[in-house]
Amino acid sequence: MNFSIREIYITIAICCATLSTSAMTPAEVESAVNAAKEAPKNQILNREAANALKESGRFAEAISFYLKGGNSGNLGIAESYFYLYNYDKAEEYLDKYLEKRSKADEAKDNEFSYGDENSTTDWTEHLRSRIELGRSMLDRVEKIQIIDSINVASDVFFKYMKLAGSAGHLVDQDEIERLVSKEYLDSFGIASILAPAYISESGDDMIWYGSSHDGDAQMFESIRLADGSWDEPTKLFDYASMFGDKNGSWVSYPFLMSDGVTLYFAADGDKSLGELDIFISRRDEDGFLQPSNIGMPYNSPYNDYLYAIDEVTGAGWWVSDRNMIKDSVTVYTFIPQELRINYPVDTPGLVNYAKISSIKITQDANTDYEAFRKRIANISDEKNTKSENQFELALPGGKILHRFTEFNNPEAAETMKQYLAEQKSFAELKNRLSTLRGDYGSGNKSVGSEILDIEKLIENKRIEIKRLRNSIVNLESQ
């Protein structure tokens, strides 16, 4: 079944942790395209082929099929041009669609919401506002130097951001759950907590976010007391309190600068170009102030997640799924500026700088990026040598094991070795899968069978890792 960008966007706006990649397999996309080619006058088949191509990120190809898809195809063309950063063309075809929009299409368009079924709006109005926002953001594309990028599994991307200790660190759900009791979660109506959370250099301040039962997200702060215990979490903000309206549902991916005042985070809603955009806010005695969208190239029509600055190395990091590799994101490393400098609006190829079509075009031939990379690597190595922890295993009752010598049960220790080996293999498979999907998306269809094989291996590994962890806990708890 094909979904329109509008329908996918509604789904993403509800969960906001889902990547905007096609639900169709590559084979299904090609099948839809072939069916349309065999019946070039069939509007339905042409729209289905166009939808499949668009949802796979093949926007330019999709337009040629939408042109044969009747008036509904004009909306698809508008959406496609939006993702191509051609906002004038997007607006032109949106107007064409609205001139002849049927009552049935109008009713369907009015189903758009951010998860609140009692608060809906016209998708075309939302699309127009995003077109206008994109046009204004394209006038202020920041000129930065990107020194590296890597595609990694979306659920562990923060582990690839090599931050110096003074910048704080990012932790996963296990760490948050260890510090925040279920009673506190229940008192705030939090159904689940999500990674990553930010913990300050001192380890005494943690900013994290959770999802309520209705699907909205809330940002919290936890402070460690003098006796080492953690105080009851404080609710910092949700979407409505931060932005002053309810046309959004998600605040997430916090990073607090070392000044303790400047917060970067991601949010959806009317002020976001994509599903999630990165925002900046500053704290005063009354809380966090009205946030600002940090613009392009950091934000895009896709999900842009976490933005962090390491003042020791002088490196900046941000994370995006704009490359549309399933279950993966791209982690960019760049050199931040003290003062923002934007490209002139008449810069040739400005869209390429906005969308980051290549990191090489952002680089300066006179800058030694290798020295920059080594500085990051050296700090990472220093952090690793200081840490004597071999793993982290939480046991019932609050006890946490970090080294093999801490096990009481020899069989549990041996099982832990298997567990760590499986985890390493699992990570390697996920990174290999990310690479192959990138190759496939670039036109190398020969890797399709290997992708399917690795997907099966990953699922089997996931089950085995869960089994081994349960076995370790049971053995050590005997």
Side-chain angles (χ1 to χ4, degrees), residues 17 150-163 165 168-182 185 192-197 199 203 206 208 224 228-230 327-329 331 377-437 450-478:
I150 182 173
N151 296 322
V152 299
S154 57
D155 56 347
V156 294
F157 72 81
F158 54 93
K159 297 182 179 180
Y160 291 84
M161 300 171 70
K162 308 298 185 184
L163 301 171
H169 56 287
L170 303 166
V171 299
D172 58 20
Q173 288 101 325
D174 289 344
E175 183 73 10
I176 311 169
E177 290 171 353
R178 185 170 70 86
L179 303 178
V180 182
S181 72
K182 187 177 186 304
L185 295 176
S192 60
I193 52 181
L194 300 157
I199 294 184
M206 178 172 71
W208 54 280
R224 187 161 63 177
S229 64
W230 286 80
D327 297 329
S328 299
V329 295
V331 179
N378 288 340
I379 285 189
S380 175
D381 291 342
E382 180 183 337
K383 287 172 65 178
N384 290 336
T385 56
K386 287 181 179 179
S387 173
E388 296 182 355
N389 293 343
Q390 296 171 313
F391 52 80
E392 185 170 292
L393 176 69
L395 298 175
K399 183 179 180 182
I400 299 177
L401 304 183
H402 295 98
R403 298 185 62 76
F404 286 103
T405 55
E406 296 172 353
F407 278 108
N408 294 319
N409 188 310
E411 188 177 351
E414 287 300 315
T415 307
M416 172 56 79
K417 293 178 182 179
Q418 299 175 41
Y419 173 79
L420 294 175
E422 289 293 323
Q423 274 196 322
K424 181 180 179 181
S425 175
F426 181 78
E428 291 171 348
L429 283 171
K430 293 194 77 171
N431 286 333
R432 173 61 178 162
L433 183 60
S434 294
T435 301
L436 290 173
R437 283 172 170 164
E450 187 177 355
I451 288 175
L452 294 175
D453 290 341
I454 291 181
E455 286 176 339
K456 291 177 183 177
L457 283 173
I458 284 176
E459 187 55 35
N460 291 336
K461 290 277 186 190
R462 196 189 309 274
I463 295 170
E464 178 63 8
I465 286 171
K466 184 176 181 180
R467 184 193 70 79
L468 287 169
R469 185 179 181 88
N470 290 338
S471 178
I472 294 166
V473 172
N474 291 334
L475 287 167
E476 187 63 17
S477 301
Q478 291 177 359

Gap between atom CG of Leu429 and atom CD of Glu459 - 0.5 Å precision: 12.5 Å
More than 12 heavy atoms of other groups within 6.0 Å of Glu411 CD: no
Heavy-atom closest contact (Val171 atom, Ala195 atom, distance): O-CB, 4.0 Å
salt_bridge(Arg178, Glu175) N-O dist < 4.0 Å: yes
Derivation of the side chain to side chain contact (heavy atoms under 4.5 Å, CB included) call for Leu163 and His169: CA-CA 7 Å; Leu163 301 171; His169 56 287; 5.8 Å; no
Closest approach of Asn409 to Glu476 (non-hydrogen atoms, all atoms of both residues): N-OE1, 3.1 Å
Donor-acceptor pair, side chain of Ser477 and main chain of Val473, under 3.5 angstrom: yes
Gln418 CD to Leu420 CG distance, which is reported to the nearest 0.5 Å: 10.5 Å
Heavy-atom side-chain proximity of Lys159 to Asp172 below 4.5 angstrom: yes
Nearest-0.5 Å distance that lies between atom CD1 in Ile193 and atom CG in Asp174: 9.0 Å
Short N-O contact, Lys461 and Glu464, less than 4.0 angstrom: no
Heavy-atom check, side chain of Trp230 versus side chain of Ser181, under 4.5 Å: no
From Asn470 atom CG to Tyr419 atom OH, the distance as rounded to the nearest 0.5 Å: 9.5 Å
Distance (rounded to the nearest 0.5 Å) between Trp208 CH2 and Ile199 CD1: 12.0 Å
Gap separating the CG atom of Asn460 from the CD atom of Glu455, nearest 0.5 angstrom: 12.0 Å
Nearest heavy-atom neighbours spanning Ile454 and Leu436: CD1-CD1, 3.5 Å
Test log, rule side chain to side chain contact (heavy atoms under 4.5 Å, CB included), inputs Val152 and Val329: CA-CA 6 Å; Val152 299; Val329 295; 4.2 Å; yes
Which atom of Leu170 lies closest to which atom of Met161, heavy atoms considered: CD1-SD, 4.0 Å
